[in-house]
Amino acid sequence: MASGTTAGSLHQSPGGHVSSSAPKLRYQSESEQDIVPTAKSLSRLCSRDEEERALALQELSDSVLMCLGLDRSGPHRLGQKTLLHLLRLSLSCPLQEVRLKATELLRSAQEQGVAVPRALASGPSAFIPAKQILQEGLDQDVLIESFLSLGRVDHVTMVMALHPAYLSCFLRTQHALLEVDGPLPRHWRHYIAVMAAARHHCSYLVQQHSACFLEAGGEESWLSGLDQAPTKMRSLQTLNKLMAHRPWLITQEHIQELVCPGADPRWSLAELIHAIVVLAHAHSLCSFVWGCGLNPESDHIGGFTFQPSSPSLVPRSPHSPAHEDGRQELVDGAMEVEVLMKRMVELQQQEEECSQEEIITRFERERSESIPTAVVRGAPPDMVLRLVEDPEFRYEDFAPRGEQCPTTMRAQDYSWEDHGYSLVNRLLPDMGQLLDEKFQVVSNMTYHRMAMHEGVDTYTLRKALWNYIHCLYGIRYDDYDYGSVNVLLERSLKLFVKTMACHPEQTTARIYHDFWIHFRHSEKVHANLIVMEARLQAALLYTLRAITHYMR
């Protein structure tokens, strides 16, 4: 979002250097009056009535053209927020007439000497070429519905639209969680999401929810640091970091400190369950944002510039078709698919059942497997770091070799279906149903294809992914043979899954490109969705179990 943007950040090249030969263009300062409607007042463009939309579009056009025709020495200018709003509409609005009009207005402003912003990225993902996202099939009906409902189509939505059945379910759940009346005020929910996203250094979601927080009436000072937020909000920090990094450490004592009589300030159970689901939702969405390499939105800091484009600054991807090892990668990828297909068939035909002892042994082997994932990254932006308490607290393996490990959670003792669902639904009506539907959709979603093969039953692969993530979080299913995980998930896939599920801020383009080389990007996005939802459920199970123990 444009909120919080500083004038200095607008004049930087993609490399972060300030140009010494700026063009003779007049930049709008925040203090100057913007007579064009702001993003909030342009909501009529999202009307479901075509005539109403056409009228709003004409009024927008008239306002912009009138502004461009004013005396340039006067105080009335096209403001940053309006220009960035037009840029976003020109790039991502699924309604053609709106998209074309926004493009035309930006061109007119540029012709009149106005410094017009341009997006620094050519699509929603740094990992997936924009053309391939279009080729693999975006559902325009879903995108139009998103625009009419939310007023924008963000990069999360555009990438998720590769799987429209899941996207519809996701948007319903997110809307109910963040916007519909509930125990927590709307601005509190978005601030909690900001705190959660900051744990994973996800500036994308920090900016998204910061803008929503301000739109909902939140105090801007809260975004300058956690010390500015109310004590009650800050009391969530321990739960926030445990849910984000080591949810198996959550106990009923953590719940008791927040809700028991005498706690100052005290959370009601309804408020707390609402906050917990927001935290888990935001943590898991960070995995998706990082795992899909989402670019900043065109109106985010880091997503736009007012400098003209320079071809010399366009980087060449090491994974482009011209990459010297590309031909060999395709050959190896094709062989990988054939081997995986054969293994899936063999597992589906296997009739031998494992003993409980063997299941536990194989589970422990997977859980304690050494897959190093740490990478060196620069410090996160200050807007993120100032919202993180105890930044050194990070993910650690559930069962480090040679160390005392926490007790495994047996799915039969505490499961979503038998325990978590009903508790959430009781304390936060309808949310249990919405979450359950989302879990079911992502677990059962299949297109009966794999890479270049059609008519494939992918159940065993999807199940292996889900159970491997829960294994990383110390959750064991007594009726699952964990030997299947090792058979179906090769090391490069495990590396991606563990990085994305456990510390997504360390995900890199190479980790993304190195697994399933011959698969479609939509299939990799499908894997991302499974990781995101399995991680969400795992964090909820530990936290809900602690609440259940407290309530007994």
Exercise for the section: May I ask you to establish whether Lys524 and Phe515 are in a cation-pi arrangement, using a distance under 6.0 Å from NZ or CZ to the six-membered ring centre and at most 45° from the ring axis? Expected result: yes

Problem - Value rounded to 0.5 Å, distance of CZ in Arg410 from CG in Asp478 - result: 4.0 Å

Problem - Any side-chain heavy-atom pair of Met160 and Val525 under 4.5 Å - result: no

Practice task
Verify, without hydrogens or angle tests, whether Glu490 (side chain) and Ser492 (backbone) share a donor-acceptor contact under 3.5 angstrom.
Solution key: yes

Problem - Under 3.5 Å donor-acceptor, Asn444 side chain and Gln440 backbone - result: yes

Handout entry: Salt-bridge criterion met for Arg172 and Glu437 (N-O under 4.0 Å)
Key = yes

Problem - Salt bridge present between Arg199 and Glu389 (N-O < 4.0 angstrom) - result: no

Practice task
Sequence neighbours left out, what passes ring-ring contact (aromatic ring centres under 6.0 Å, His included) with His209? Give chain and number order.
Solution key: His190

Exercise for the section: Please answer whether the main-chain N or O of Leu435 pairs with a side-chain N or O of Thr173 as donor and acceptor at a distance below 3.5 Å. Expected result: no

Practice task
Would you check if there is a donor-acceptor pair between the side chains of Ser235 and Trp267 at a distance under 3.5 Å?
Solution key: yes

Exercise for the section: Would you check if there is a donor-acceptor pair between the side chains of His300 and Tyr204 at a distance under 3.5 Å? Expected result: no

Handout entry: Results of ring-ring contact (aromatic ring centres under 6.0 Å, His included) for Tyr459 - residues two or more places apart only
Key = none

Handout entry: salt_bridge(Asp436, Lys438) N-O dist < 4.0 Å
Key = no

Exercise for the section: Give a yes/no verdict on a cation-pi contact between Lys494 and Tyr468, requiring under 6.0 Å between NZ or CZ and the six-membered ring centre and an angle within 45° of the axis. Expected result: yes

Exercise for the section: Step by step, work out the side chain to side chain contact (heavy atoms under 4.5 Å, CB included) result for Ile475 and Trp248. Expected result: CA-CA 9 Å; Ile475 300 173; Trp248 49 84; over 6 Å; no

Handout entry: Ring centres under 6.0 angstrom apart (His503, Tyr395)
Key = yes

Exercise for the section: Taking His521 for its side chain and Ile133 for its backbone only, find out whether a donor-acceptor pair lies under 3.5 Å. Expected result: no

Problem - Between Gln208 and Asp154, a side-chain donor and acceptor under 3.5 Å - result: yes

Exercise for the section: Flag the pair Phe170 / Phe288 as yes when at least one side-chain heavy-atom distance between them is below 4.5 Å, and no otherwise. Expected result: no

Practice task
Kindly assign one of parallel, tilted or perpendicular to the pair Phe496 and Tyr512, based on the angle between their ring planes and the thresholds 30° and 60°.
Solution key: perpendicular

Exercise for the section: Please check if any side-chain donor atom of Ser92 sits under 3.5 Å from a side-chain acceptor atom of Arg88, or the reverse. Expected result: no

Problem - Lys NZ or Arg CZ of Arg449 over Tyr447 ring: under 6.0 Å, within 45° - result: yes

Handout entry: Side-chain (Ser484) to main-chain (Asp481) donor-acceptor, under 3.5 angstrom
Key = yes

Exercise for the section: Compute whether any side-chain donor of one residue and acceptor of the other, for Glu533 and Tyr166, lie under 3.5 angstrom apart. Expected result: yes

Problem - Reported CG-to-CG distance for the pair Leu493 and Leu465, which is rounded to 0.5 angstrom - result: 5.5 Å

Problem - Residues Tyr414, Tyr542; criterion side chain to side chain contact (heavy atoms under 4.5 Å, CB included); working and verdict - result: CA-CA 9 Å; Tyr414 200 92; Tyr542 281 111; over 6 Å; no

Exercise for the section: Determine, stepwise, if the pair Asp430 / Val180 fulfils side chain to side chain contact (heavy atoms under 4.5 Å, CB included). Expected result: CA-CA 11 Å; Asp430 300 327; Val180 173; over 6 Å; no

Exercise for the section: Determine whether the side chains of His281 and Gln174 contain a donor N or O and an acceptor N or O closer than 3.5 Å. Expected result: yes

Practice task
Find the distance between NE2 (His187) and CD1 (Ile192) and round it off to the nearest 0.5 Å.
Solution key: 10.0 Å

Completion exercise
Across all chains, not counting sequence neighbours, the ring-ring contact (aromatic ring centres under 6.0 Å, His included) partners of Tyr421 are none

Practice task
Measure the spacing between CD of Gln412 and CZ of Arg476 and express it to the nearest 0.5 Å.
Solution key: 8.0 Å

Practice task
Keeping the roles fixed (side chain from Thr507, backbone from Pro504), state whether a donor-acceptor pair exists under 3.5 Å.
Solution key: yes

Problem - No-hydrogen, no-angle side-chain donor-acceptor test under 3.5 Å, Glu145 and Ser149 - result: yes

Exercise for the section: Report the C-alpha separation of Leu536 and His283 in whole Å, then their side-chain angles, then the decisive distance to 0.1 Å, and conclude whether the side chain to side chain contact (heavy atoms under 4.5 Å, CB included) test is met. Expected result: CA-CA 8 Å; Leu536 170 65; His283 292 150; over 6 Å; no

Problem - Pairing of Lys241 and Glu392 as salt bridge, 4.0 angstrom limit - result: no

Problem - Nearest-0.5 Å distance that lies between atom NE2 in His200 and atom OG in Ser284 - result: 9.0 Å

Problem - Under 3.5 Å: donor-acceptor pair, side chain of Gln537, backbone of Phe439 - result: no

Exercise for the section: Indicate whether any N or O donor in one side chain lies under 3.5 Å from an N or O acceptor in the other, for Glu271 and His274. Expected result: no

Handout entry: Min side-chain heavy-atom separation Thr460-Leu488 under 4.5 Å
Key = yes

Exercise for the section: Taking the side chain as every heavy atom from C-beta outward, state whether Met445 and His526 have any atom pair closer than 4.5 Å. Expected result: yes

Problem - Min side-chain heavy-atom separation Thr157-Val142 under 4.5 Å - result: no

Handout entry: Thr446-Thr458 side chain donor-acceptor pair, cut-off 3.5 Å
Key = yes

Practice task
Classify the angle between the aromatic ring planes of Tyr482 and Tyr480 as parallel (below 30°), tilted (30 to 60°) or perpendicular (above 60°).
Solution key: perpendicular

Practice task
Report the relative orientation of the aromatic rings in Tyr191 and Trp222; use parallel for angles under 30°, tilted for 30 to 60°, perpendicular for over 60°.
Solution key: perpendicular

Handout entry: Atom pair CG/CG of Leu162 and Leu167 - distance to nearest 0.5 Å
Key = 10.0 Å

Exercise for the section: Please check if the side chain of Asn240 supplies one atom and the backbone of Met195 the other of a donor-acceptor pair under 3.5 Å. Expected result: yes

Exercise for the section: Look at the side chain of Glu523 and the backbone N and O of Ala451, then say whether any donor-acceptor pair between them is shorter than 3.5 Å. Expected result: yes

